[in-house]
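Notes follow once the structure below has been shown.
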Amino acid sequence: MLPLARGIYSGLAQITRTNRVALHTACVLRCKAEKSAESEETSGNEEKEANAVPDAKDRTKLIPVETSMRYLKSAAYKTTYGDDYVWTQYRRNHKGMFAPRKTRKTCIRQGKISTGNPCPICRDEYLVLDYRNTELLQQFISPYSGEVLSYSKTGLCQKSHLRLTVAVEQARDCGLLTYNVPFREYDYNEYYGKKDEQKM
């Protein structure tokens with residue numbers, strides 16, 4: 001009985017080994033076929049992406065400040081804005097007859113423009129708010145008072161307005177933007193007391 005059991009056991013073991021090897025080779029071949037199909041799909045997608053038109057609402061690509069400074073002096077900027085400021089032709093969209101006191105919080109969410117009428121800075125990706133880009137910053141500074149213009153006048157979103165005020169303060173700290181300190185006349189009698197006319 002014992003040799004018969006050994007023979008049956010060895011036969012079953014051999015069958016399972018051959019099945020395992022066959023299953024293993026089938027799995028390996030299937031994995032290779034799936035990888036090659038995936039690589040073909042990704043190469044096809046890359047070619048499609050290379051040939052596709054870039055998304056106009058995508059704002060994930062960072063534009064250097066130097067490029068923005070060159071853009072402000074280019075012919076493309078002149079044809080787009082002319083001799084006006086960047087914010088002059090912009091009009092806000094709002095419900096009702098009167099505009100709300102505050103503008104929207106931000107125009108860009110998750111790297112894309114999330115509104116149909118973005119603010120003057122968010123709609124043009126080549127307008128970079130930086131303390132070195134003084135030509136752009138001066139468009140948002142009042143020539144009379146030297147203060148940063150309000151967002152209700154320029155139409156900037158709250159995030160862009162905050163970045164603008166920070167950039168203006170940095171430019172003033174670095175000496176790139178000049179501003180006049182108002183002259184004050186002091187009454188020195190309040191500090192030093194009245195001078196005795198007899199001693200004089």
Side-chain angles (χ1 to χ4, degrees), residues 54-193:
D55 187 12
K57 292 190 173 187
D58 186 27
R59 290 293 181 267
T60 53
K61 182 182 174 187
L62 296 175
I63 306 295
V65 185
E66 294 79 15
T67 308
S68 177
M69 293 163 78
R70 285 197 306 267
Y71 170 66
L72 290 172
K73 295 172 184 167
S74 67
Y77 176 82
K78 286 286 182 190
T79 55
T80 307
Y81 300 104
D83 294 330
D84 295 333
Y85 292 147
V86 171
W87 52 268
T88 307
Q89 299 295 325
Y90 178 74
R91 293 290 173 270
R92 286 173 63 190
N93 286 347
H94 54 81
K95 279 189 199 175
M97 202 156 106
F98 301 105
R101 193 173 68 81
K102 277 193 170 184
T103 55
R104 66 175 65 90
K105 289 183 181 177
T106 182
C107 301
I108 299 170
R109 289 184 176 86
Q110 296 178 353
K112 289 198 172 188
I113 292 177
S114 63
T115 179
N117 188 26
C119 73
I121 294 295
C122 295
R123 68 180 170 183
D124 196 344
E125 61 185 333
Y126 288 99
L127 297 176
V128 178
L129 290 172
D130 193 86
Y131 71 97
R132 293 166 285 179
N133 198 354
T134 55
E135 193 174 339
L136 178 63
L137 296 180
Q138 284 172 346
Q139 296 185 13
F140 294 93
I141 295 174
S142 172
Y144 305 108
S145 63
E147 296 293 323
V148 177
L149 293 171
S150 173
Y151 49 78
S152 60
K153 184 170 186 175
T154 59
L156 293 181
C157 63
Q158 297 294 308
K159 192 172 184 180
S160 295
H161 186 74
L162 179 63
R163 284 176 24 227
L164 172 71
T165 52
V166 169
V168 167
E169 291 301 321
Q170 282 181 338
R172 285 178 177 164
D173 286 345
C174 294
L176 300 174
L177 284 177
T178 58
Y179 61 100
N180 296 326
V181 178
F183 181 73
R184 275 188 167 170
E185 284 192 32
Y186 291 100
D187 185 11
Y188 292 104
N189 291 332
E190 295 178 5
Y191 300 98
Y192 299 112

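Values below: every heavy atom of this structure, side chains too, minus hydrogens, waters and symmetry copies.
- In this structure, the side chain of Ser160 does not engage the main chain of Cys157 through any donor-acceptor pair within 3.5 Å.
- We find that Asp130 and Arg132 are joined by a salt bridge, their nearest charged nitrogen and carboxylate oxygen being less than 4.0 Å apart.
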For a side chain to side chain donor-acceptor pair (under 3.5 Å) check, start with the C-alpha distance between Tyr81 and Asp124, then their side-chain angles and the critical distance, and finish with the verdict. CA-CA 11 Å; Tyr81 300 104; Asp124 196 344; 2.9 Å; yes
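- In this structure, Ile113 and Cys122 approach most closely via the heavy-atom pair CD1-O, 3.8 Å.
- For the atom pair NZ (Lys105) and CG (Leu162), the distance works out to 13.5 Å, reported to the nearest 0.5 Å.
- Side chain of Trp87 to main chain of Cys119: no donor-acceptor pair is present (N/O by atom type, distance under 3.5 Å, no hydrogens or angles).
- Atom CG of Leu156 is separated from atom CZ of Arg163 by 9.5 Å, given to the nearest 0.5 angstrom.
- In this model, a donor atom of one side chain and an acceptor atom of the other lie less than 3.5 Å apart for Thr60 and Asp58.
- Looking at heavy atoms from C-beta onward, Leu127 lies out of side-chain contact with Ile63 at the 4.5 angstrom threshold.
- Nearest heavy-atom pair across Pro64 and Val128 is O-CG2, 4.3 Å.
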Please report the C-alpha distance between Lys73 and Glu135 in whole Å, then the side-chain angles of each, then the deciding distance to 0.1 Å, and finally whether the side chain to side chain contact (heavy atoms under 4.5 Å, CB included) criterion is met. CA-CA 10 Å; Lys73 295 172 184 167; Glu135 193 174 339; 3.6 Å; yes
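- Judged by distance alone, the side chain of Asn117 and the main-chain N or O of Arg91 form a donor-acceptor pair under 3.5 Å.
- Side chain of Thr79 to main chain of Ala76: a donor-acceptor pair is present (N/O by atom type, distance under 3.5 Å, no hydrogens or angles).
- Taking CZ from Arg172 and OG1 from Thr134, the interatomic distance works out to 12.5 Å, rounded to the nearest 0.5 Å.
- Residues Arg92 and Arg104 are not in side-chain contact: their nearest non-hydrogen atoms beyond the backbone lie 4.5 Å or more apart.
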If you apply the rule side chain to side chain contact (heavy atoms under 4.5 Å, CB included), what do you find for Ile141 with Leu149, and how did you get there? CA-CA 6 Å; Ile141 295 174; Leu149 293 171; over 6 Å; no
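- At least one donor-acceptor pair under 3.5 Å links the side chain of Thr165 to the backbone N or O of His161.
- Ring geometry for Tyr77 versus Tyr71: interplanar angle over 60°, hence perpendicular rather than tilted (30 to 60°).
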Working for side chain to side chain contact (heavy atoms under 4.5 Å, CB included), residues Val168 and Phe140: CA-CA 9 Å; Val168 167; Phe140 294 93; over 6 Å; no
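- When every heavy atom of Tyr151 is checked against every heavy atom of Arg101, the shortest pair comes out as CE1-O, 3.6 Å.
- Taking NZ of Lys61 as the start and CG of Asp55 as the end, the distance is 13.0 Å to the nearest 0.5 Å.
- The backbone N or O of Glu147 lies less than 3.5 Å from no partner atom in the side chain of Ser142, so there is not a single donor-acceptor pair.
- Judged purely by distance below 3.5 Å, without hydrogens or angles, the side chains of Thr103 and Gln158 pair a donor atom with an acceptor atom.
- Taking CD of Gln139 as the start and CG of Leu164 as the end, the distance is 10.5 Å to the nearest 0.5 Å.
- Counting heavy atoms from C-beta on, the side chains of Tyr85 and Leu136 never come closer than 4.5 Å.
- Between the side chain of Arg59 and the backbone N or O of Ile108, no donor-acceptor pair lies under 3.5 Å.
- With a 6.0 Å radius and a threshold of 12 heavy atoms from other residues, nucleotides or ligands, Asp83 has its CG atom at or below the threshold.
- Taking the six-membered ring for Trp and thresholds of 30 and 60 degrees, Tyr188 and Tyr192 have nearly parallel ring planes, at less than 30 degrees apart.
- Proximity of Tyr191 to Tyr186: side-chain heavy atoms (C-beta onward) are separated by under 4.5 Å at one or more points.
- No donor-acceptor pair under 3.5 Å is formed between the side chain of Gln170 and the backbone N or O of Tyr131.
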